[in-house]
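Since the structure is predicted, the reported quantities are computational estimates derived from the model, not experimental observations.
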Amino acid sequence: MRQKIDEILKSDIIALDTETTGLNVRKDKVIGVGVASDAHSLYIPLLVWEGTELQPTQYLEDANYLLQQLKNKKLVLHNAAYDLRIIKHDLGIDLLSALHCDTILLKHTLEETPPFSLKDIAVKNAKALGYDRDPTEESKELKASIEANGGKSTKDCYELYKADVNVIARYCEQDCKLTLAVYNYYSKKLIDEGLVDFYYKDEVLPLYKFVSIPMMERGIKLDMPKINRAKEEISFDLIRLEKEVQDGIKTYSSDFKAWFFENEYPVKTNGNFAQAVANYYELELPVTKTGKLSVARGAVESLPESDGKSFLLGHMQLPADIIEELQMKMHGETVGEYFININSKDHLKRIIFSFLGEKPERHTEKGAYQLDDSYLQSISHKYSFIPPLLVYNKLNKIKATYIERFLKESENGIFYPQFNQHRTISGRFGSDIQQLPRNKDSGDELVLKYTNIIRSFFIARPYHLFVDSDYESLEPHIFASVSGDKGLQDIFNNNMDFYSTIAIMTEKLTNVSADKSSDNYLGKVDKEARQRAKAYCLGIPYGMESFKLSKDLDIDQREAQSLIDQYMKAFPQLKQWMDRTDLAVKSVGYVTSLVGRKRRMPEAVSIFNKHGDSILDSLQLWKDYHEQGALYEDMKEKRWKLKNCINNGRNFQIQSLAASVVNRSSIAINLELAAKNIKAFIVCSVHDQTIVECRVEDKEAVAEIVQRNMENIIKLPVKLKAPPSFGKNFADSH
DNA sequence: CGGGCGAGCGCC
DNA sequence: AAAGGGCGCTCGCCCG
């Protein structure tokens, strides 16, 4: 074994992979370690399943020797955040500083869209990687081995550690080799595309090593007593609200249930009811192509005598209690004491659209009637059960998504968030903690109470507090900078209000000011005008058309078009930037952010080359093709795709640069804190906000470091502002 | 029963 | 005639 290890250690670049008992880096165990160099590969088992329990192997010392030596190597891993954290936690060896490359992030830098799993990448680039395995066969074999040894192999309970050790060893070694192949393949591309510095030096990997992984490792303390109290209280409120809703529904009919069953599950000798009857009486009928029982007359007649048969032949009625039993079954088991599940959109739609006869306003993408908050609002004055239902829905969301989840996922009172660098095209983090509701100051009292408590669940550790710095309207600042429009940039450089200025210049408003301190500041004297501008200031540049704008603002479409035209006229350099972007998308099929991150959209080029600009003219498309069925559908689809590429190309340059600004400032902050030996760490990064946890006595020093780095990390035509605030929890540090 | 997906809603 | 962009989580429902 030692000899094999030393063979591997001759290489400078080494791929590493672990096999573990599960996915929790703090609870699960490493069962084996795999490594590969260009010439060799090796798997060292640490724990082996012995039928009833995991037993340590004789190789623990060898593994330790290997891992210690790896500290001086250049490590390549696929999803290193996972392997390195579990190695550190379980085996006590920190290899983060030896991390040379993560192939997920390498792939993402060069191909920003999925797949990102090692095997899917391999399949997609099989030829280039010399990959000749079949991952579906492999997972089947693994599954079979797990199950043969009495283990479970479902997604939520994948007991890999129960598979035969030689099977695990083979796959682990192969994955290590594959990681190395992926590394070699994409490294060439990285050089070809001139992204070496972007990846290794300026952003991707430094962010990973100095921010993302430490941030996930540290986690955030939760106020467990407070969450538990909130759960009790909200549960109580939900029970009361549900009763109100259910009682309200009942008042619309003396016998709602009977009506409901009659309409939704009519007693018939065919269709769903017949199926239910056949199942109830266990009638031995032939099965049709669609998997249903055939209740064709001939088939039924050949059955032995039974009530079910007589009913299906129309010879007798079924007893009322059996009918109700069958209907109840078709309706589905209901929750608790109520026959309607008010969490079920399906049930509510039947009540509102079928029973009460309300007309739906809109359809979902798949064509179903839309039953969302805004629709319910619109009919709430007509029915007493809707207002409590609206509150119930909000509270239910809060309870499930923000109270129960954090209770369930807390580990010793700490929540460990995910910060994925490969889950967004723009380079933002993909995280499970960025949707915490913002504190609100108006609305229903109960909704307010629970909405505003969520952020306060996240608390600083004892003797610590949070330094929380948000960029002031980061997206508009970046937008003004990237567009190159002098007029837009002047807004910020003259300290004016963004939306007010654009509204005044676009709509030629008079006697109002964009100066926030002025007596006739638009946001003060005509709040709604400023609010309207919010609907289009960024929307129009990102591709919103008059059709949608007219709906959003509830104005005539010609008026909306004129708004768009006036906006473009008022900021001519913005228009030029939009045109330049569109041209780039159509001609070369990609756009690049100011710091070099790319978004590739090759399909735009092929569509444009084939059809030219005319494909974007939906009216022309309609005139030319609407009588040609499928062809028209195809052309519409192409229009949508190209339009989408263009919109994405515009949005990407803004969103991606904003992400880079936040990312790079985070790197600089953590590096400076470390260099100055201040024990403070970024614990959360959300789009335009950075939260650092530090000791109380360091707060001023930390705040200065945070603000200075955030405001100066990238020089732009518009100066960025990121004033810090302090707090003991996420709610009051904002 | 487990997995996938649509709908809805939270964030920037 | 007609889709501003980027995400993640939960639920109910459907299907294999």
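- For the pair F429(A) and E365(A), both in contact range of DNA chain C, the more 5′-proximal nearest nucleotide belongs to E365(A).
- Backbone-only engagement by R639(A) is indicated by non-hydrogen atom pairs under 4.0 Å involving sugar-phosphate atoms exclusively.
- Each of dT10(C), dA7(B), dC12(B) was ranked by its minimum atom distance to the side chain of T401(A); first place goes to dT10(C).
- Among the atoms of the strands shown, only primed sugar atoms or phosphate atoms (P, OP1, OP2) are found under 4.0 Å from some heavy atom of K394(A).
- When the nucleotides dG6(C), dG12(C), dC13(C) are ranked by their closest atom to the side chain of H347(A), dC13(C) comes out on top.
- Between K399(A) and E404(A), at least one side-chain N (NZ, or NE/NH1/NH2) sits under 4.0 Å from a carboxylate O, which counts as a salt bridge.
- Within the 4.0 angstrom heavy-atom criterion, only backbone atoms of the sugar-phosphate kind lie near D156(A); the bases stay farther away.
- Counting to the nearest Å, the P atom of dG8(B) and the NE2 atom of H363(A) are 12 Å from each other.
- Rounded to whole angstrom, the span from the CD atom of Q435(A) across to the P atom of dG6(C) amounts to 16 Å.
- Using a 4.0 Å heavy-atom criterion, one finds that Y632(A) contacts the sugar-phosphate atoms exclusively.
- Stacking is not found between Y542(A) and the pyrimidine-like six-membered ring of the dG5(C) base under the 5.5 Å centre-distance and 30° plane-angle cut-offs.
- Counting only heavy atoms from C-beta on, D432(A) has its side chain closest to dC9(C) among dA2(C), dC9(C), dG10(B).
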Check against salt bridge (Lys or Arg N to Asp or Glu O under 4.0 Å), K119(A) and E138(A):
CA-CA 10 Å; K119(A) 290 181 178 54; E138(A) 291 181 3; 5.0 Å; no
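- No more than 12 heavy-atom neighbours from other residues, nucleotides or ligands sit within 6.0 angstrom of OH on Y590(A).
- Distance, I398(A) CD1 to dC11(B) C1': 14 Å, rounded to whole Å.
- Shown here is K143(A), whose NZ atom has no more than 12 heavy atoms of other residues, nucleotides or ligands within 6.0 Å.
- Between dA1(C), dG8(B), dG8(C), one nucleotide has an atom nearer to the side chain of L619(A) than all others, and that is dA1(C).
- Aromatic ring centroids of Y208(A) and F419(A) lie 6.0 Å or more apart.
- Listed nucleotides: dG3(B), dC12(B), dA2(C). Nearest to the side chain of Q557(A): dA2(C).
- Nucleic acid contact for N644(A): sugar-phosphate only, since backbone atoms but no base atoms lie under 4.0 Å from a heavy atom of the residue.
- Residue-level contact check: I425(A) touches the backbone only, with heavy atoms under 4.0 Å from sugar-phosphate atoms and none from bases.
- An OP1 or OP2 oxygen of dG4(B) is reached within less than 4.0 angstrom by a side-chain nitrogen or oxygen of K155(A).
- Note: CD (Q689(A)) to C1' (dC7(C)) measures 16 Å, nearest angstrom.
- For the pair K399(A) NZ and dG10(B) P, the interatomic distance rounds to 17 Å; values are reported in whole Å.
- When the side-chain nitrogen and oxygen atoms of N393(A) are compared with OP1 and OP2 of dG8(B), none of them lie within a distance under 4.0 Å.
- Y402(A) comes within 4.0 angstrom of sugar-phosphate atoms only, judged by non-hydrogen atoms across all strands, and of no base.
- One finds no side-chain N or O of R423(A) lying less than 4.0 angstrom from the OP1 or OP2 phosphate oxygen of dG6(C).
- Closest approach to the H687(A) side chain among dC11(C), dG8(C), dC11(B) is made by dC11(B) (side chain taken as heavy atoms from C-beta onward).
- No more than 12 heavy-atom neighbours from other residues, nucleotides or ligands sit within 6.0 angstrom of NZ on K641(A).
- When rounded to the nearest whole Å, the span between CG of D552(A) and P of dG5(C) equals 12 Å.
- The side chain of S344(A) has dG12(C) as its nearest neighbour among dA7(B), dG6(C), dG12(C).
- Nucleic acid contact class of L436(A) (heavy atoms, under 4.0 Å, all strands): sugar-phosphate only.
- Which of dG8(B), dG2(B), dG12(C) sits closest to the side chain of K152(A) comes down to dG2(B).
- Side-chain nitrogen and oxygen atoms of K397(A) include none within less than 4.0 Å of the OP1 or OP2 phosphate oxygen of dA7(B).
- Nucleic acid contact class of S426(A) (heavy atoms, under 4.0 Å, all strands): none.
- Among the heavy atoms of the strands, none lies under 4.0 Å from S546(A).
- Side-chain atoms of S618(A) come within donor-acceptor range of the base of dA1(C), with a qualifying N/O pair under 3.5 Å.
- No donor-acceptor contact under 3.5 angstrom links the side chains of S614(A) and R639(A), judged on distance only.
- If you measure from atom CG of L238(A) to atom P of dC11(C), you get 12 Å, rounded to the nearest angstrom.
- Listed candidates were dG8(B), dC13(C), dC7(C). Nearest to the side chain of Q370(A) is dG8(B).
- Both the sub-6.0 Å distance and the 45° axial angle are not jointly satisfied by K394(A) relative to the ring of Y450(A).
- The residue L371(A) sits close only to the backbone: its heavy atoms come under 4.0 Å of sugar-phosphate atoms, none of a base.
- For N341(A) and dG12(C), the shortest distance from a side-chain N or O to OP1 or OP2 is below 4.0 Å.
- K636(A) comes within 4.0 angstrom of sugar-phosphate atoms only, judged by non-hydrogen atoms across all strands, and of no base.
- Within the nucleic acid shown, Q620(A) has no heavy atom closer than 4.0 Å to any nucleic acid atom.
- Rounded to a whole Å, the CD atom of E112(A) is 11 Å from the P atom of dC7(C).
- D346(A) comes within 4.0 angstrom of the backbone, heavy atoms only, and of no base.
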